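A quick write-up on the structure given underneath.
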2 protein chains.
Amino acid sequence: MAEPRYRRRKEDRPDEITAAALSAFAENGYAATRVEEVAKRAGISKGLLYLYFKTKEELFKAVIRSVVIPRVDALELALDQSTLSAEAFLRGPMLQFMQGIPGSPVGIVVRLMIAEAHRHPDLVDYYWQNVVSRGLAALQRILDRGVENGEFRRTAVNELPHLLIAPVIFSVIWKLLFENRSLDTDRLIECHIDMILNDIKA
Amino acid sequence: MAEPRYRRRKEDRPDEITAAALSAFAENGYAATRVEEVAKRAGISKGLLYLYFKTKEELFKAVIRSVVIPRVDALELALDQSTLSAEAFLRGPMLQFMQGIPGSPVGIVVRLMIAEAHRHPDLVDYYWQNVVSRGLAALQRILDRGVENGEFRRTAVNELPHLLIAPVIFSVIWKLLFENRSLDTDRLIECHIDMILNDIKA
DNA sequence: ATAGTTAATGACCGGCCGGTCAGCAAGGAT
DNA sequence: ATCCTTGCTGACCGGCCGGTCATTAACTAT
């Protein structure tokens, strides 16, 4: 009599499914991943998956959201609560944050976004509003804070905070394509931050 | 009796087909592009396409090759024939080369590579050998030449020429995702080169 | 116990698409 | 003209996969 064939666990399913989807997408990409494979990894039937997510595309969006938003939240929180100087923040928590991105689920999400963006324009909008613009704004706040402190000069970087994260995106792509070929992405990112600080310090 | 229903043009077909494939892949990505759509754009039947390319995957590889190799060749040629100082080369031809990449077919190829790499490991190898390692070697040669001239100091960049092109890759991705949102990628790349030169100049 | 609710199953369907092939017609040779 | 070669067509097939639905069985309330 022991175990019933399955348990009803309405609460837990969505998270379990998105986690399963993330791992499947990571291995095979979105288009090549069968919904049934995701269900299998989540330990449920395909039918049940469709009870929680209307379409494969909805599932995709949920995965993106679940991975990326917490990261941005964490960055903003760290920035707001920090009492470090701008330089110390960049060399400390910010550097760590940036070094953590390649090889994390965020890297996978970047790949998925790149591959699928054109077919999900609404997702691009969402990503822009909730990730990119928030992230860039945070960077700009650090830099401006530095300028106000007298730590930094006002330079082109203040208008192009993108320069700060370019090597992170580069590293994500590199790891994706050439995982085996050696490149010390931590060092790459650190050198880059060094260079920028040398350039903008008052 | 005018026009025959079709003409036999064995010589021209392959290039026309890869060009058609590039434009189709650019719009829809590899997985979502139907072979019949490529054939249509090339003005031929699907059957004929399969006469020139054994599988869809073969076609994909041919597209990648046709786009990317000429670029690397051009870069190497420019570098070998140039008599400019290292700094002048970086600020002149090299900058132009880098600024030209986002928005060109190379950008599309980068997207395709990112999206499909894991399913075509042999293509990644090919890409590595014929594009990436050649490109990095070229960069290193410029930098080393600068050091020998006494123009540059020897710095971390000599071992991490990746730093030079990171913002290019970033710009490619940006254009892909956020084409409409404004970012002056030319300026981004120029500022970055500026910064690097400031850092490494003797 | 019993009945009612609903989480969960898994067999099924329809259409899409990579790849094939029998035949056709354009060009060349004689 | 006539035949031969071969570039080219387009109808076709098979299987894969996103999505559905009738049914079942785990829980809840009484």
Side-chain angles (χ1 to χ4, degrees), chain A residues 1-25 27-64 112 115-116 118-120 123, chain B residues 1-25 27-64 112 115-116 118-120 123:
Chain A
M1 286 286 7
E3 294 298 273
R5 301 231 312 273
Y6 57 80
R7 282 172 207 286
R8 311 171 122 202
R9 292 176 28 247
K10 192 180 181 174
E11 310 298 317
D12 304 331
R13 297 301 190 195
D15 285 351
E16 292 178 5
I17 294 170
T18 52
L22 175 65
S23 86
F25 291 164
E27 281 175 33
N28 304 315
Y30 172 77
T33 300
R34 280 157 292 152
V35 173
E36 201 157 18
E37 171 65 22
V38 175
K40 197 168 142 194
R41 292 188 191 214
I44 61 171
S45 66
K46 188 167 61 161
L48 185 58
L49 189 153
Y50 274 97
L51 206 101
Y52 291 101
F53 299 93
K54 297 232 179 318
T55 65
K56 189 187 182 187
E57 191 177 322
E58 282 303 318
L59 174 61
F60 178 61
K61 294 179 185 176
V63 169
I64 302 285
L112 294 173
E116 303 293 333
H118 45 110
R119 212 161 321 130
H120 305 281
L123 187 59
Chain B
M1 284 297 17
E3 293 300 273
R5 299 232 314 274
Y6 56 82
R7 282 171 205 286
R8 313 170 122 202
R9 289 174 32 245
K10 192 179 183 177
E11 310 299 318
D12 305 330
R13 297 302 189 195
D15 285 351
E16 293 178 5
I17 294 170
T18 52
L22 175 65
S23 86
F25 291 163
E27 280 173 34
N28 305 315
Y30 172 76
T33 299
R34 281 156 291 152
V35 173
E36 201 157 17
E37 170 66 21
V38 175
K40 198 168 139 193
R41 292 188 191 214
I44 59 171
S45 67
K46 190 167 60 160
L48 184 57
L49 190 155
Y50 274 97
L51 206 102
Y52 289 101
F53 298 94
K54 295 231 181 319
T55 65
K56 189 186 181 188
E57 190 177 324
E58 282 302 317
L59 174 60
F60 178 61
K61 294 179 184 175
V63 169
I64 302 285
L112 294 172
E116 303 293 333
H118 44 111
R119 213 162 320 130
H120 304 281
L123 188 59

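These numbers come from a predicted model, not from an experiment. Just so it is clear: chains get the letters A, B, ... in the order the sequence lines come, proteins before strands, and each one is counted from 1.
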N-O pairing of B:Lys61 and B:Glu57 below 4.0 Å: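 Yes.
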Pair B:Glu37 + B:Arg41: basic N to acidic O under 4.0 Å: yes
Contact under 4.0 Å: [X] side-chain N or O vs [N] OP1/OP2:
{"X": "A:Arg9", "N": "D:dA26", "answer": "no"}
{"X": "A:Tyr52", "N": "C:dA8", "answer": "yes"}
{"X": "A:Arg8", "N": "D:dT28", "answer": "no"}

[X] has an atom [atom1]; how far is it from atom [atom2] of [N], in whole Å?
{"X": "B:Arg13", "N": "D:dT6", "atom1": "CZ", "atom2": "P", "value": "17 Å"}
{"X": "A:Glu16", "N": "C:dA7", "atom1": "CD", "atom2": "C1'", "value": "14 Å"}
{"X": "A:Tyr30", "N": "D:dC17", "atom1": "OH", "atom2": "C1'", "value": "12 Å"}
{"X": "A:Leu51", "N": "C:dG10", "atom1": "CG", "atom2": "P", "value": "15 Å"}
{"X": "A:Ile44", "N": "C:dT6", "atom1": "CD1", "atom2": "P", "value": "19 Å"}
{"X": "A:Glu37", "N": "D:dC17", "atom1": "CD", "atom2": "P", "value": "11 Å"}
{"X": "A:Glu11", "N": "D:dA26", "atom1": "CD", "atom2": "P", "value": "19 Å"}
{"X": "A:Lys40", "N": "D:dC17", "atom1": "NZ", "atom2": "C1'", "value": "15 Å"}

Distance-only side-chain donor-acceptor flag, B:Glu27 / A:His118, under 3.5 Å: no
Which nucleotide wins on minimum distance to the side chain of [X], given the candidates [options]?
{"X": "A:Thr55", "options": "C:dG10, D:dG19, D:dC8", "result": "D:dG19"}
{"X": "A:Tyr50", "options": "D:dG18, C:dG19, C:dC24", "result": "D:dG18"}
{"X": "B:Arg5", "options": "C:dA25, D:dG18, C:dT9", "result": "C:dA25"}
{"X": "A:Arg7", "options": "C:dA8, D:dC27, D:dT9", "result": "D:dC27"}
{"X": "A:Leu48", "options": "D:dG18, C:dT20, C:dT9", "result": "C:dT9"}
{"X": "B:Pro4", "options": "D:dC8, C:dA26, C:dT9", "result": "C:dA26"}

Nearest-nucleotide comparison on DNA chain C, the residue closer to the 5′ end among A:Gly43 and A:Glu36: A:Gly43
Any N/O donor-acceptor pair, B:Lys46 side-chain to C:dG18 base, under 3.5 Å: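 When only heavy-atom distances are counted, B:Lys46 does reach the base of C:dG18 through a donor-acceptor pair under 3.5 Å.
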Residue pair B:Thr18, B:Phe53: steps toward the side chain to side chain contact (heavy atoms under 4.5 Å, CB included) verdict: CA-CA 10 Å; B:Thr18 52; B:Phe53 298 94; 3.8 Å; yes
Residue whose closest nucleotide on DNA chain D lies nearer the 5' end, A:Lys54 versus A:Arg34: A:Arg34
A:Leu123 vs A:Phe60 side-chain heavy atoms within contact, under 4.5 Å: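 Of all side-chain heavy-atom pairs linking A:Phe60 with A:Leu123, at least one is under 4.5 Å.
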